[in-house]
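All chains are named by letter (A, B, ...) in the order of the sequence lines, taking the proteins before the strands, and each is independently numbered beginning at 1.
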Amino acid sequence: MVLEVHNLHTHLHLKRGILRAVDGISLTVGEGETLGLVGESGSGKTLTGLSLLRLLPKGSGRIAEGSIKLDGQELTTLSDSAMARDIRGRRIAMIMQDPMTSLNPVFSIGDQVSNPLRNHNIAQGATLRSKVISVLTQVRIPSAEKRLGDYPHQFSGGQRQRIVAAMAIGCTPRLLVADEPTTALDVTIQVQIIALLRQIQADTGTGIILITHDLGVAASLCHRIAVMYAGRIVETGPVRRIYKSPAHPYTQALLAAIPRLGDKRARLQAIPGQPPSLIDPPQGCRFAPRCPARMDKCAEPPPTVTLADGHEAACWKLA
Amino acid sequence: MLALVLRRLWQGAISILGASVIIFVISRLSGDPVVMLVPPDAPPSLIAEIRTQYGLDQPLVWQYLLFIGHALTGDFGNSYRWQMPALKLILDRLPATIQLAACGLLFSVALAVPIGVLSAVHRGGWIDRIGRIFAMLGQAMPAFWVGLLLILVFAVQLNWLPAFGHGTPAHVVLPAIALGWYPVAAQTRIVRSAMLDVLDSDHIRLSRALGTPERLIVWKYALRNAAVPLLTMLGVYFAAMLGGAFVVETIFAWPGVGRTVVEAVFSRDFPVVQAGVLFTSILFVLSNLLVDLSYGLVDPRIRDVR
Amino acid sequence: MSASTLPARRIPWAALRRLPWLPLLVLGAVGIAAIGGEAISPHDPNGLDLSASFKPPAWQDGGSWDYPLGADNLGRDILSRIMAGCGVSVIVAFYAILFSGSIGALAGMIAGYFGGRVDAVLMRLIEIQQSVPSIALALILAAAMEPGLSTVVIVIVLTYWAWYARIIRGEIMALKGRDYIAFARTAGVSTPVIFRRHLLPNIFNTLVVLGTLQVGQVILFEASLSFLGLGIQQPDISWGLMLSDARQYITNAWWGITMPGIAIMLTCLSANIFGDWLRDRLDPQMRQL
Amino acid sequence: MKPWITGLAAASLAALPLAQGLAQSGTLTVGLGAEATIMDPTRSSAGVDSYFFGQMFEQLLRTDPDLKQINWLAESWNLADEGGKPVITVKIRPGVTFHNGDPVTSADFQYGMQRQQDPKLSRFSHLLNAVEAFEVIDDLTFRLRFKEGDGSFITSNLHLWAMPKRHIEKVGEEEYQRAPVGTGPWKFVSRTVKEELRLEAYEGYWNKQNRPTVKNLVIKIIPEDLTRVAAYKTGAIDWIDAVPPAATAEFAKLENTSTYTAVTGNNLFLNFNTHQPNSPFNDVRVRRAAAHAIDMDAIIKRVLFDQGERYAEIGRGTPGYDPDLKPYPYDPRRARALLAEAGHPRGFEVPCYNLTTPREPNIKEMGEAAYAYLSAIGIRCQIRQLEYGAWINLGRRDAPPEMDGIVSWMWSHGLPGDPGTPWLGHLHSYQAGKGLGSYSYTDNAEMDALLRQQQTTMDPVKREALLKQIARIKHDQVLGGLTTYRPMVTIAWRTSKVAFKPWPSPGFWRNFQEIGLK
Amino acid sequence: MLSLQNVTKHYQTRRGTVRAVEGVSFDVRPKSTLALVGESGCGKTTIAKMILQLERPTAGAIAFEGADTATMNAAQLKAYRRQVMAVFQDPYASLNPRLRVGTIIAEPLLAHENPGRAATEKRVAEVLDIVGLPATAARLYPHEFSGGQRQRIAIARALALRPRLMVLDEPVSALDVSIRAQVLNLLADIQLEFGLTYLIIAHDLALVEHFSNDVAVIYLGRVAEAGPTEQVFAQPRHPYTQALLAAVPQPDPDHVLNEAAAAGEIASALDPPSGCRFHPRCPLAIDICRTTTPEPRGTPHQAACHLVEA
């Protein structure tokens, strides 16, 4: 396993109280595997990604409990400088949502792509330059050599996301955290980036955690899916199982709530209510207040039930 | 690029023209200069003669048109008091004022950038508080007071730096501090808030996520972004320095335009006032143009829009 | 529908907890001195007593508690004069801020909202204003009019309206793009109502912060004018005037120039710290001003 | 030709102390607070100008350090009467040369007069109105013929300046303004406006006894008092002009420093409006009340730091000075009584205009103090501060605004000074278009007659008597203002380094006639 | 009901003329829903702004029930504004944070009639009820509500005057999946209940298929394809529509995306391609596509493509 996360708790210490953004999740990513972390906003998926890099909001965010192992090495106890020197960008890299803002507007892309390579002592001087060109070519930036001196605003959104990807894969990381990498893009561009991520994985064998709220994107890219709701993983399993036979009522409701092409129905099945506050979450199953199959037992924490083929769900109904 | 320069110059010309009207009209309201030029026992005929000599007997509008017409040919008239071309009087003083204003600005930026950056990095901490209060002190003390205290301490008591004069780098230190401290607080705010914004931006998050050392993130990647808003304001600050020079030049006996204009106002020496103020206006317009052109150097996005 | 579950309203007590007490104390003292006026000052601030000239502060040799902060060259009580200066500072700041703020805000709102030619004209006016050094303008104006309190106010208004206008214009241009204003326009809400309901309340915080920050600038500006001899004039008293008058006695009587200097410094610093605090509270986006 | 006075060379050059016969070498840096705008005596418009051109230009007569008039470029001169009209004949001192080496001749004085009579060049052209003709007799002799007597001509050192006719005609006016050439002990080197004037001792200077012994003189302009003092203390300058009054005591005690304090040519007074029908000051008792109300001695001591000399109408050393005329004593009780007698038992309110110029140290504070004293006896002053330009405007009679109360005013005609001409402006009743009473709020026919009489009286003895008579009446009636004090100036220099003897020329003490390095 | 004829909008900027909308025509049928679909920058929002009279068309006409909006006088325009209301994308930006919800909802009401305090409150309570919020919500401020609730408030505000046409600019794209369905269902209910006509702007094709009766696919300021939703989605004629449909990821791991359907990037409206604006990305482009702008062919299902038979 490239990544093993066990019982991770990440808290945000806010003025209003402690926000339990990530509340005891466990997951694994294998070599060459893409894990989809799917959930709505506020479900904790982004903070999970940031926890892996130990890049939580300064002052308020901290990992309260749990372990994160990268190739067996525990990250939660590593010093900050070691994280920056050996892990971030070197062994775990990241792609962020908005390609329009994730590149520094006042530095040339040559400078920005070579930055991680330089910082991690992967290459210097002429080697650095040729390495940068090859990475940019790898992400299919046309005539990369000529464009090293260009600035981000001279590239389109899709190209910028490719450049971000180039920055991420330059040091051939073991794990790539892609946080909504296609959300800000148009569909015809989105499909290109999906293809790029597939190609990167094929080229480098890196493990990918794809953080997304888009069930369509997750379906087209992931090997396994973990569905998050209110700071917890409610269901995890191979992609086909999740989509074809979702076990958790939340997963089921989510899939029923989205319109699909070629599937015109009179009404969508809405999920009533809203996600709970994570400062003062409900006892027991967090989906219970909105769950159509709610039972009395749901007031207690639900057990994680293994269904088949690594398909697990946390629900009393399945117990 | 050329189009930008031309457009800015055109706008600048309009501004300077507007400024000239204001200065011309208000200065004429300030009273009759001739009585200050003649002895008390001068006969009225002499007064009338001098008024005619300087064209002060013409209608105001006509005086203004004549003034503009002459000004375009580089003739700002003779100073009533100095009896030499006002233009020469001002142009000879201009380099000293530019030098002082530039040094003042340099001092303020050299102080504001590190304080602003450190305040942003240590937001809410003691460096933030002390740094900002130090910066604010400049905004809480009249420049002439600062100037006098500086002279007392660094010239009279310690004898480290000269109290007055002009020529060597040592001479400019005290006046530049007296002049440059005032805008430090405002500039610190700009740098600090820009840094806070930048440090909170996606691309810095990405830089961190990719393992860029914090030192580089702050002083290289974030600072260049944060410099843009400060740079856009430098023209305005330069103008503020020119204004501040009116007071500081007097304290430090600095041979600049500010002092010349102050004295000219007191003696109703209109040609000098007009030339002096117009040239500071021109300096303002030019410095803004320079700023406009230069932030393309820092911000490539602007380079292409133009 | 469970959309009907609404959160309870919270009272923002936390906002009061971190009030900058020290600056507020200073500003409060200034306010009290301003309101109290001569009724609470120990001496007539213009009361001349040549026999008391250069009396040092009470704690120094030769000082007496009759003149706690000492006396100036004409034997006037420095404490009383500083207190009287509070009143003038408050009046000057009040009118200067009121007029420059309202003129600037109005101009900025109109230019920002309507854009186009109106905006272009205003921008030129602002640039004209900025291109004339304010001290020069002040000098000429003060020479044209009788120097004194109202001249100082007029000069400050002429100098600062552009500052307000520029910032407010920027705010309005950003606001104008907000969807709720777009909605109001599409729904046929009249322009005056849009100004009153949507624009004015939104720039109010900005105005409050700008006004607070201007307090210090007004005091310093007046001091600069006093230095050049064109600020507040006797029998009105301002700190700048005291400072300017006392500067020739700097080596004879340090208290003459130190006491009003400290008054200026404390007041400006307090106003600025308070303004910064307000800005952080009211409008985090405005940190850069 | 009936000679009235001959020679007037009572104080001959031989009586002057011998200057050290040292060679001229070294550089001296001095600090002045005020700056001249003009380097040409003809074009001068302000008193400060003479601080600068006074180093380079000379007149026929001048005053010596004891304020006595002596012959200077004139070897001798006399005043005669020819057909009822005065005539002055002057013999120029031989061997005097301009800085370019040209000898000084009658033609240069004639040229100098022509320049002074040209209103385009000179703001004092009217002062030569009485001169009818300039006759060149030979290279070193000329004669001035007068239409009528001009009482102030002689006290003004015969008015004329030696101007290098040939040089100016050769180089042109503009170049001459840039680099002036005179006969004085100092030769122009360079000038940076607002910064400094550089001079060099003129080797060919005619007066070998009273001349500087230092080679180079750098005059720095440092207007701010504290900065100028700091410059002296830090050693940047070795001679300082106008030590701030508050610092004079400190300077007197400074080690290695000599100070010199003397009256300036300025005469200050408080003027009352006595020409408007409803003015309370039309009553002489009110004016006398004001005169008794002010403790001028206290003001001089406390506010002016003793940098002032109290005077009654005419200062010591000035023509017409009368040692028997004493200032009104401070007597507030008498002042109140006089006020009550005049029908103002509860006093009255009056606008009091106060000049705030930095040109005269502490004048603003002095005015405030004086007005406070007036308020104390019931002449309740509503103080209005005026800067110089507004103040001059207020003072003028021929344009609004009208001065409707009390104003602090002054007159200055150099040292030792002559009150004749100033009085015509300040004391004579206002006559529009004639240059009489231009700044006067007094309307008194007796005064007018006496003033006209002194104006045309050239005989110094007769004139002296007339001036004394006017002064007595003026004092008794408190007409044309209440005289207050004559400011004093203190100059200081480093004893170990500078040898300096103060010379007042042409009317102020900032003259480097005899200065050198030790 | 609403008819656009050859509507064109050009903006003059420092860098040149932005041809945001170029000759767009379509009709919105009463009590139906027309969807404008397209990628970002295609001009769909500009069209909405012109319909809402926030911008004036450079050329062309927008007619409401046969009356040209360009020639309307002030009173007619006011009447038009009363009948056409908008719901915007971001519920956080479309409600003035300083006003109470009651004031926000009453805003259009007060602009057109002055019903008095009690009547206003009653109307506010009514519309709040319609969107599923309690009447007490009127006293609260927008920040006290969640995103979905805010969008309900925005809908209530638009509904307050009982308009006839509602312009919905990406009404649910800022909302979470589970909330989206709630709001869409609400919109559908309201349309039925009040006989509203919708013009919806969206980029989510599945949503459009689900929600609209008619659809117009916009590419770089021009209508690429338009017609009844069912026909367009079942048999897309324009290569762009085909590419778009092929690129939508489906919540189905077995669905295969066609990555090659639309290669390259969207061109800039500053310098749009000649002829058919889609030709640089079109896998089927022929010579005429580079030179000649295709006219729309077919009715009611039309496509502006040279390869499509009329």
Arg247(C) and Asp225(D) ion-paired at < 4.0 Å: no
[atom1]/[X] to [atom2]/[Y] distance, rounded to the nearest 0.5 angstrom?
X         : Y         : atom1 : atom2 : answer
Glu368(D) : Leu74(C)  : CD    : CG    : 6.0 Å
Leu228(C) : Glu387(D) : CG    : CD    : 11.0 Å
Arg302(D) : Asp49(C)  : CZ    : CG    : 9.0 Å

Residue pair Asn354(D) / Gln233(C), side-chain heavy-atom distance below 4.5 Å: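 Result no, sub-4.5 Å side-chain heavy-atom pair not found.
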Identify which part of [X] has an atom lying under 4.5 Å from any heavy atom of chain C, answering side chain, backbone, both or neither.
X         : value
Tyr371(D) : neither
Glu224(D) : side chain
Lys364(D) : side chain
Ala390(D) : neither

More than 12 heavy atoms from other groups under 6.0 Å of OH on Tyr95(C): no
Exceeds 12 heavy-atom contacts within 6.0 angstrom, atom CZ of Arg334(D):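 Counting other residues, nucleotides and ligands, CZ of Arg334(D) stays at 12 neighbours or fewer.
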Leading residue by heavy atom contact count with chain D [cutoff under 4.5 Å; candidates Leu50(C), Asn46(C), Leu48(C)]: Leu50(C)
Top contributor to chain C contacts, counting heavy-atom pairs under 4.5 Å, from Ala247(D), Pro245(D), Ala369(D), Ala249(D):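 Most heavy-atom pairs within the cutoff with chain C belong to Ala369(D).
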Top contributor to chain C interface from Asn362(D), Thr356(D), Leu226(D) [non-hydrogen pairs under 4.5 Å]: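 It is Asn362(D).
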